[in-house]
There are 2 protein chains.
Amino acid sequence: MSQAGSGIDLPTSVGYLLKQASSALRTAMDEALRPLGMTITHYSCLELLAQRPGLSNSELARGAFVTRQSMNVLLQALERAGEVTRPDVAPSGRVLPVTLTDRGRRTLAQASAAVRAVELRMLAGLSDREQQEARRILAGLVDALAAPAPTTG
Amino acid sequence: MSQAGSGIDLPTSVGYLLKQASSALRTAMDEALRPLGMTITHYSCLELLAQRPGLSNSELARGAFVTRQSMNVLLQALERAGEVTRPDVAPSGRVLPVTLTDRGRRTLAQASAAVRAVELRMLAGLSDREQQEARRILAGLVDALAAPAPTTG
DNA sequence: TGACTCATGTCAGAAGTCTGACATACCGTC
DNA sequence: GACGGTATGTCAGACTTCTGACATGAGTCA
C-alpha cells in the first residue's frame with residue numbers, strides 16, 4: 001500500500017526494473033570491455049558496422065543510442081586509430097559511409113567474444129520460451145514509447 | 001544466418017533490445033522532466049527519499065544507479081536548492097541521513113505525475129499478466145548478471 | 001525555377017558522470 | 001587492546017555525452 005496513487009512504487013515498477021536490468025548489463029559489459037580498452041559505444045559502433053557496412057554517422061548514432069555528435073567524436077578517434085575509414089568526399093548527398101578496416105575487425109572479434117559471454121550469462125536462467133517472451137515484451141515497450149506523448153502530439 | 005557464431009545478432013539480441021527499451025524510456029522521461037528543469041537522477045533521488053526517508057548518499061547512489069560521487073554532487077546542489085537536508089554531524093558512523101523538505105516534496109509531486117504518465121504509456125499495450133511476466137523476467141536478468149563473471153570470480 | 005522541409009556533418013560550449021584518491025568510522029578477529 | 005577488512009563521505013581531475021547552432025545537400029511541391 002505504499003505510494004497510494006501519488007507516485008511510483010519503485011520495487012514493482014516495470015520502468016525501474018528495466019533501468020535496473022539495463023544498469024546491470026551496462027556494468028557487466030563495461031567490465032568485460034575494460035581489459036580491451038574499449039567502451040560500450042565503441043563496441044556497439046564496430047558491431048553495427050560489421051553487420052551493416054557503409055552505415056553513416058547518424059545511422060550509427062541511432063543504432064548505438066547516442067547523439068550523432070557523440071558518435072562523431074568517437075568516429076574521429078576510431079579513424080585516427082585506424083579501425084574505421086570514411087571517404088574524404090561524400091559519394092552522394094552529405095552522407096559519409098563508414099567502413100571497418102582489418103584492424104577494426106580484429107578489435108571487434110575480441111570485444112564480441114567478451115560481450116557474447118556476458119549475454120550468455122545474462123540469459124543463463126531463462127528458457128528458450130522465456131527468451132522469446134522477453135524479446136516480445138521488450139519490443140512492445142519500445143513500440144509503446146515510440147508513440148509521442150499525449151501532451152506533445 | 002547473419003553473424004554465424006562469431007558475434008551477436010543485434011536485432012534479436014535480448015541485450016540489445018534491453019538497451020533499446022531502456023534508451024526509449026530514458027528519452028521519454030527526459031522529455032517529461034525537462035519542462036520541470038529536472039534530470040532523471042534528480043527525480044530518482046527525490047522519489048527514493050519519499051519512499052525511504054533517511055537514506056544515505058551511498059544508498060541513494062545505488063538506488064539511482066550512479067556512483068556515490070555523482071550522487072554527492074547532486075545532493076550538494078539539492079541542499080543549496082532547499083529540496084533536501086542533511087545534518088551537519090553524523091548521528092552514527094559517517095552516514096549522513098538525507099531528508100526531503102517541503103519544497104522537495106512539492107517538486108517531487110510534479111515530477112512524479114509526469115513520470116507516472118510515461119510509465120502508463122509504456123505499459124499501455126501490455127496486459128496485467130504480461131506486466132507480471134515482464135517483472136519476473138527483468139528480475140531474472142538482474143539476478144543472472146549479479147553473479148560475478150566466470151573469469152573474475 | 002524557386003521555396004520549403006528534412007536529414008546530414010560539424011563546431012563550440014556546457015552539463016553530467018566517471019575514475020582515482022584520501023581520511024574517517026564501524027565490525028570482525030586475534 | 002590492536003589489527004585488517006569494509007563502507008562511508010568528500011575532493012580533484014578527466015572523460016563522455018549532451019544541447020544549441022550553423023551550413024550543406026536531397027526531396028517535394030507550387
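Order of the sequence lines sets the chain letters (A, B, ...), proteins ahead of strands, with each chain counted from 1.
- A heavy atom closer than 4.0 Å to some atom of DNA chain C occurs in A:Arg94, A:Val95, A:Leu96, these being the qualifying members of residues 88-98 of chain A.
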Let's go through B:Val118 and A:Leu145 carefully: what are the C-alpha distance in whole Å and the side-chain angles of both, what is the deciding distance for side-chain contact (heavy atoms from CB on, under 4.5 Å) to 0.1 Å, and is it a yes or a no?
CA-CA 8 Å; B:Val118 171; A:Leu145 286 171; 4.1 Å; yes
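- Around the CZ atom of B:Arg52, the shell of radius 6.0 Å holds no more than 12 heavy atoms that belong to other residues, nucleotides or ligands.
- For the contact set between residues 20-28 of chain B and DNA chain C, defined by any heavy atom under 4.0 Å, there are no members.
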Derivation and outcome, side-chain contact (heavy atoms from CB on, under 4.5 Å), residues A:Gln132 and A:Arg136:
CA-CA 6 Å; A:Gln132 283 294 358; A:Arg136 202 179 63 76; over 6 Å; no
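- The stretch residues 68-87 of chain B comes close to DNA chain C through B:Arg68, B:Gln69, B:Ser70, each having a heavy atom under 4.0 Å from the strand.
- For the helix from C:dT1-D:dA30 to C:dC27-D:dG4, the end axes, each set by the C1' atoms of five terminal pairs, are bent relative to each other by 30° (nearest 10°).
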For the pair A:Met29 and A:Arg26, evaluate side-chain contact (heavy atoms from CB on, under 4.5 Å) and give the outcome as yes or no after the intermediate values.
CA-CA 5 Å; A:Met29 285 181 65; A:Arg26 178 179 192 81; 5.9 Å; no
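- Residue B:Asp30 contributes atom CG, which lies 14 Å from atom C1' of C:dT17 at whole-angstrom precision.
- Reading DNA chain D from its 5' end, the first and the last nucleotide to sit under 4.0 Å from a heavy atom of chain A are D:dT17 to D:dA26.
- Between the side chain of A:Thr101 and the main chain of A:Glu83, a donor-acceptor pair closer than 3.5 Å is present.
- A donor-acceptor pair under 3.5 Å links the side-chain atoms of A:Arg135 to the main chain of B:Thr12, judged by distance alone.
- Taking 4.0 Å as the cut-off between side-chain N and carboxylate O, B:Glu119 and B:Arg116 do not count as a salt-bridged pair.
- At least one side-chain heavy atom of B:Leu60 sits less than 4.5 Å from a side-chain heavy atom of B:Leu49.
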Just distance, no hydrogens or angles: give the donor-acceptor pairs under 3.5 Å from side chains in residues 14-22 of chain B, sequence neighbours left out.
residue	atom	partner	partner atom	Å
B:Tyr16	OH	A:Gly63	O	2.7
B:Ser22	OG	A:Ser22	OG	3.1

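- Taking 4.5 Å as the limit, some side-chain heavy atom of A:Leu78 sits within range of a side-chain heavy atom of A:Leu46.
- Looking at heavy-atom distances under 4.0 Å, B:Ser56 makes contact with sugar-phosphate atoms alone, never a base.
- For the pair B:Arg103 and B:Ala81, the tightest heavy-atom approach, listed with the atom from each and the gap, is CD-O, 3.2 Å.
- Salt bridge absent: B:Arg34 and B:Glu31 never bring a charged side-chain N and a carboxylate O closer than 4.0 Å.
- Summarising the geometry of B:Gly125 relative to B:Glu130, their closest heavy-atom pair is O-OE1, 3.8 Å, with the distance given to 0.1 Å.
- The shortest distance between side-chain heavy atoms of A:Asp9 and B:Gln51 falls below 4.5 Å.
- The CE atom of B:Met122 lies 13.0 Å from the CG atom of A:Asp143; values are rounded to the nearest 0.5 Å.
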